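Below is one structure; the comments refer to it alone.
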Amino acid sequence: MHEAYDIHHVQEKWLPIWDEIAPFRSGKKDDPRPKKYVLDMFPYPSGDLHMGHAEAYALGDVIARYWVQKGFNVMHPIGWDAFGLPAENAAIKRNEDPSIWTYENINTQRASMRRYACSFDWDRVLYTCDPTYYRWNQWIFLKLYEKGLAYRKDSAVNWCPDCQTVLANEQVVAGLCERCDNPVTKKKLNQWYFKITDYTERLLKDMEQLEGKWPEKVLTMQRNWIGKSTGAEVKFEIEGRAEPVVIYTTRPDTLYGATFMVVAVDSELARELASGTSIESDFNKYFDSVKAASDIDRLSTERPKSGIFLKRYAINPVNGERIPIWASDYVLADYGTGAIMAVPAHDQRDLDFARAMKLPVRVVVATEADDPAVSGVATDGDGKLINSGSLNGLSTSEAIKKVISELEAKGLAKATSNFRLRDWLISRQRYWGTPIPIIHCEKCGEVPVPLEQLPVKLPDSKSVDLKPKGSSPLATAKDWVNVNCPKCGAMAMRDTDTMDTFVDSSWYFLRYTSVDKDDRAFDLDEVKTWLPVDQYVGGVTHAILHLLYSRFFTKALFDMGMVDFNEPFTRLLNQGMVIMDGSAMSKSRGNLVRLSDELERHGVDAIRLSMVFAGPPEDDIDWADVSPSGSVKFLNRAWRLSGDVTSKVGVDFQTGDIALRKVTHKALHDISFAIESFRFNVAVARVMELVNATRKAIDSGCGGPDPAVREATETVAIALSLIAPYTAEEMWERLGHKPSVALAGWPKLDESLLTEEAVTAIFQINGKIKSRVEVSPTISDSELEAMALADQGVKSELGSTAPKKVITKAPKFVNIVL
RNA sequence: GCCCCUGUAGCCCAAUGGCAGAGGCAGACGACUUAAAAUCGUCCAAGUGUGGGUUCGACCCCCACCGGGGGCACCA
């Protein structure tokens with residue numbers, strides 16, 4: 001047995017020592033070091049940590065530990081996103097309070113994080129299910145309510161029959177509930193919303209600040225989700241109706257091509273236009289059939305168009321033409337005005353509808369393509385306007401401008417934009433969440449719970465019927481529900497919905513600064529010290545939901561003067577997933593490889609190292625490609641160096657072997673650069689190189705007593721302290737240092753050691769390499785060029801031909817063009 | 001259907017427009033060993049998905065196509 005260290009013994013040895021030293025407690029107010037706020041997305045406490053957590057927290061840890069070594073005052077907190085359905089479902093199954101299951105899991109995860117050597121500041125921990133946290137959820141809710149940013153409305157909402165609760169638009173993926181994958185239906189309910197649509201423009205515009213600092217992919221996804229479109233609203237007179245109908249279009253240039261109008265079947269307008277007419281009963285039949293269809297069917301673009309003619313007519317404002325009005329489900333009630341002008345020649349959906357209903361098609365934009373009426377393919381590209389009165393001959397963009405200004409002058413149109421983003425539906429009909437702090441009084445209406453009465457604590461789960469039944473479980477807690485109205489004192493009722501858990505996570509990064517404060521959500525001074533988050537680390541699964549909501553909260557709080565920045569996360573790193581046989585390894589998808597087994601077999605350090613080394617952080621890791629035993633081997637190799645160093649602590653490195661010193665400082669430089677650009681796999685490769693070079697120096701070079709060997713080995717230990725803390729600590733101790741290596745400080749780079757004595761220059765002819773020579777790195781262009789022209793290999797190749805051109809870039813190459 | 005990312009040794013992955021290979025896995029051989037494991041050392045392999053273009057020079061920039069991944073998708 002070659003010398004190696006006992007992983008498990010080493011792990012048990014260092015944990016209590018680290019608890020004692022607490023190297024990652026963030027500094028207090030008077031700390032002179034510059035600050036860094038490194039934040040990992042907090043976990044949901046669903047059982048123990050899994051492989052996905054292992055990757056995410058390994059990456060966040062490298063960043064946090066690096067900045068500590070570089071002399072920053074780093075805040076790296078952790079908490080639990082502890083409200084949510086799984087706890088409630090477990091509680092129903094086990095017939096006990098959801099908090100029991102929740103805190104059991106939290107304790108398990110916390111112990112695992114400690115063992116996994118996560119560099120969290122254990123003095124800054126929060127649990128969103130704790131009243132000391134959700135109290136401030138309620139407080140923020142009331143602040144938003146005051147500003148008109150929280151409101152209630154009736155509407156057809158997404159309803160998951162399986163989870164027995166409503167869902168936000170963002171939680172419906174392709175017509176399925178993102179949590180349970182069951183089809184989502186529509187249900188008409190009175191629900192609470194946050195008015196995120198007030199912030200669409202700013203959410204879009206402020207992304208400019210994030211350019212280059214957030215993954216482009218996430219920015220694109222957010223832009224798509226917000227979905228801005230620009231166009232115009234145009235007024236159409238309706239025969240037999242006093243008020244005109246306003247439609248929204250992105251192509252006002254095609255107004256002359258509008259051959260009919262379509263209103264959303266589920267809109268108020270459709271109902272009104274149909275009422276009292278001969279087709280009213282047919283309309284109702286059609287309306288009912290649409291309502292019965294699931295979202296899944298509705299979303300299918302393959303589905304044939306359906307609709308009903310309302311026997312009413314609108315007047316096209318550009319040409320006075322009388323066009324029929326239809327109702328259909330292909331027009332959405334809650335986008336734009338719920339009514340459109342249909343231009344079948346230049347919009348595929350309108351064309352499909354026109355063909356199905358035998359409605360006329362009129363081309364008004366001339367393109368090379370076939371006639372849409374014949375081909376069935378709408379031409380939506382640019383072209384010259386025809387059949388369009390004063391617009392004839394104009395290009396698409398010119399026509400848009402002209403027609404808007406013409407109609408605007410008559411008060412018939414205005415340029416406007418529309419957004420895909422809808423308001424954020426936050427009420428949930430479940431127990432395990434933050435109660436909405438509103439009291440409903442027959443006389444006074446909605447009455448906010450007075451701030452001094454917060455928190456509105458959840459009633460004891462024993463007094464509540466938790467079983468899903470489509471209404472809020474809180475309604476069954478009679479003692480809790482019935483209260484006096486804070487305004488008039490009459491008997492009133494509490495709101496029985498709880499908040500979406502995304503509310504909890506929309507501001508938790510602020511709470512970390514002030515977890516010890518029980519008189520405010522967060523302390524402005526502390527927030528000014530720490531925020532915004534310098535580095536946020538988490539999965540791309542939250543690219544839209546959580547990040548968009550957090551950005552919205554930050555802007556709303558900014559407007560209320562509660563924070564002094566408008567984007568919460570300066571830099572974002574999205575790690576990939578850990579996959580196996582093509583599917584993600586997470587709790588919900590089934591743990592294919594158990595983290596605890598891997599840790600038992602290979603040790604914490606080897607797993608952390610494997611995660612960091614597997615590839616670029618944003619790429620998925622296929623566990624089949626990872627070799628934890630290779631990591632074990634490398635860590636032992638690194639560790640053995642520390643036993644071969646025979647010089648004393650404090651020996652003058654300047655006197656060490658120059659060749660090894662150069663390797664060390666080059667490595668140091670490259671490691672820093674790689675880490676700061678998130679290329680952790682490259683950083684590891686550089687450490688491996690340094691280990692290899694040091695091994696060689698010990699065995700067949702300057703030898704163990706040389707100070708350069710100590711310098712190299714200490715550098716390895718410090719570099720490894722970011723990735724493999726146990727091994728690094730062992731090395732540091734064997735090198736004669738006191739713990740902890742986590743606080744050793746990043747070695748100072750000696751720039752003078754980065755320059756090479758000699759570099760290899762290449763001589764090319766027509767870009768092909770003909771010979772190489774060793775030259776000084778400071779050689780001039782002209783010197784190098786002279787050398788190239790005098791070179792034997794080049795000369796024989798050249799013969800008598802005179803070079804057409806010579807390109808020289810000292811000291812790297814000369815290219816002779818013939 | 002639209003948009004984005006991606007394609008380098010058997011595999012995972014590196015290469016400011018300038019010598020295609022840093023590192024690892026797997027493999028082969030050797031040293032140590034009675035032997036094996038462990039360890040140490042040596043070696044092995046691709047011309048960068050395909051076809052064009054720009055350039056003195058392209059894995060890198062541009063265009064098209066093919067394969068893989070992701071996002072959006074009746075939002076007018």
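The chains referred to below are lettered A, B, ... by the order of the sequence lines, with proteins before strands, and numbering in each begins at 1. FYI, side chains are in, hydrogens and waters are out, and symmetry mates aren't considered; it's all heavy atoms of this structure. Just so we're clear, the structure is a prediction, and the values are computed from it rather than from any experiment.
In this pair, A/F678 and A/F680 present their aromatic rings tilted. The plane angle is within the 30 to 60° band.
Using a 4.0 Å heavy-atom criterion, one finds that A/F813 contacts the bases of the nucleic acid, with or without backbone contacts as well. Among the heavy atoms of the strands lying under 4.0 Å from A/S229 are primed sugar atoms or P, OP1, OP2 only; no base atom is included. Within the nucleic acid shown, A/N418 has no heavy atom closer than 4.0 Å to any nucleic acid atom. The residue A/N815 sits close to a base: some heavy atom pair falls under 4.0 Å. A/R686 comes within 4.0 angstrom of a base, heavy atoms only. When heavy atoms are screened at a 4.0 angstrom cut-off, A/F613 is found touching base atoms of the nucleic acid.
Atom P of nucleotide B/U39 and atom CG of A/D644 are separated by 15 Å, given to the nearest angstrom. Atom CG of A/L609 and atom P of B/G23 are 16 Å apart (whole Å). Spacing between atom CD of A/Q222 and atom P of B/C4 amounts to 18 Å, rounded to whole angstrom units. To the nearest angstrom, P of B/G23 lies 17 Å from CG of A/L720. Nucleotide B/C25 holds its P atom 15 Å from the CH2 atom of A/W623, rounded to whole Å.
Remark: B/C60 base-pairs with no nucleotide; criterion is Watson-Crick or G-U wobble with both hydrogen-bond distances under 3.5 Å. Of all nucleotides present, only B/C66 satisfies the Watson-Crick or G-U wobble test against B/G7, with each distance under 3.5 Å. Pairing for B/A37 is absent, with no Watson-Crick or G-U wobble pair whose two atom distances lie under 3.5 Å. With a cut-off of 3.5 Å on both pairing distances, the Watson-Crick or G-U wobble partner of B/C2 is B/G71. Using the Watson-Crick or G-U wobble rule with both distances under 3.5 Å, B/U42 pairs with B/A28.
Remark: the separation of the C1' atoms in B/U54 and B/A64 is 15 Å, to the nearest Å. Across the P atoms, B/C25 and B/G41 are found 12 Å apart, a figure rounded to whole Å. Rounded to whole Å, the C1' atom of B/G49 lies 16 Å from the corresponding atom of B/C5. Using C1' as the reference atom, B/G68 and B/C12 are 16 Å apart when rounded to the nearest Å. Rounded to a whole angstrom, the distance from the P atom of B/G17 to that of B/G71 is 30 Å. Between B/C62 and B/C74, the two C1' atoms lie 35 Å apart (nearest whole Å). The gap from the P atom of B/U48 to that of B/A35 amounts to 47 Å, rounded to the nearest Å. A distance of about 15 Å separates the P atoms of B/A58 and B/U50, rounded to the whole Å.
Ranking B/A76, B/A22, B/G71 by closeness to the A/N224 side chain, first place goes to B/G71. Proximity note for A/K633 (side chain, C-beta onward) versus B/C13, B/U39, B/C56: the nearest is B/U39. Ranking B/C74, B/C72, B/A76 by closeness to the A/T249 side chain, first place goes to B/A76. Side-chain proximity of A/Y335 to B/C13, B/G70, B/A76: nearest is B/A76. In the set B/C13, B/C56, B/A76, B/A76 carries the atom at the smallest distance from any side-chain atom of A/L332. Closest to the A/R679 side chain, of the nucleotides B/C72, B/A15, B/C56, is B/A15. Here the nucleotide nearest the side chain of A/Y248, chosen from B/C72, B/C25, B/A76, is B/A76.
For B/C4, the OP1/OP2 oxygens have no side-chain nitrogen or oxygen of A/R223 closer than 4.0 Å. Considering only side-chain N and O atoms, A/R637 lies nowhere under 4.0 angstrom from the phosphate OP1 or OP2 of B/G24. Dashed line: the shortest gap from a side-chain N or O of A/K805 to OP1 or OP2 of B/C56 is under 4.0 Å. Within the structure, every side-chain polar atom (N or O) of A/Y330 is placed at least 4.0 Å from both OP1 and OP2 of B/A76.
Between A/W424 and A/Y549, the distance separating the two ring centers is shorter than 6.0 angstrom.
With RNA chain B read from its 5' end, the first of the two nearest nucleotides for A/G338 and A/V817 is the one closest to A/V817. Nearest-nucleotide positions on RNA chain B for A/D625 and A/N692 put A/D625 closer to the 5' end.
Ion pairing of A/E201 with A/K228 is present here, as a side-chain N (NZ or NE/NH1/NH2) and a carboxylate O approach within less than 4.0 Å. A salt bridge links A/R422 with A/D334: at least one charged nitrogen is closer than 4.0 Å to a carboxylate oxygen. At a threshold of 4.0 Å, the pair A/D699-A/R695 counts as salt-bridged, since one of the basic side-chain nitrogens sits closer than that to a carboxylate oxygen. A salt bridge between A/E211 and A/R223 is present, with a side-chain N of the basic residue lying under 4.0 Å from a carboxylate O of the acidic one.
For the pair A/K305 and A/Y330, the cation sits on the ring face: its NZ or CZ lies under 6.0 Å from the ring centre, inside 45° of the axis.
Under the 90° criterion around 0 for the glycosidic angle, B/G47 counts as syn.
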Pair A/S306-A/Y286, side-chain hydrogen bond (donor to acceptor under 3.5 Å, both in side chains): steps then yes or no
CA-CA 9 Å; A/S306 65; A/Y286 175 56; 2.8 Å; yes
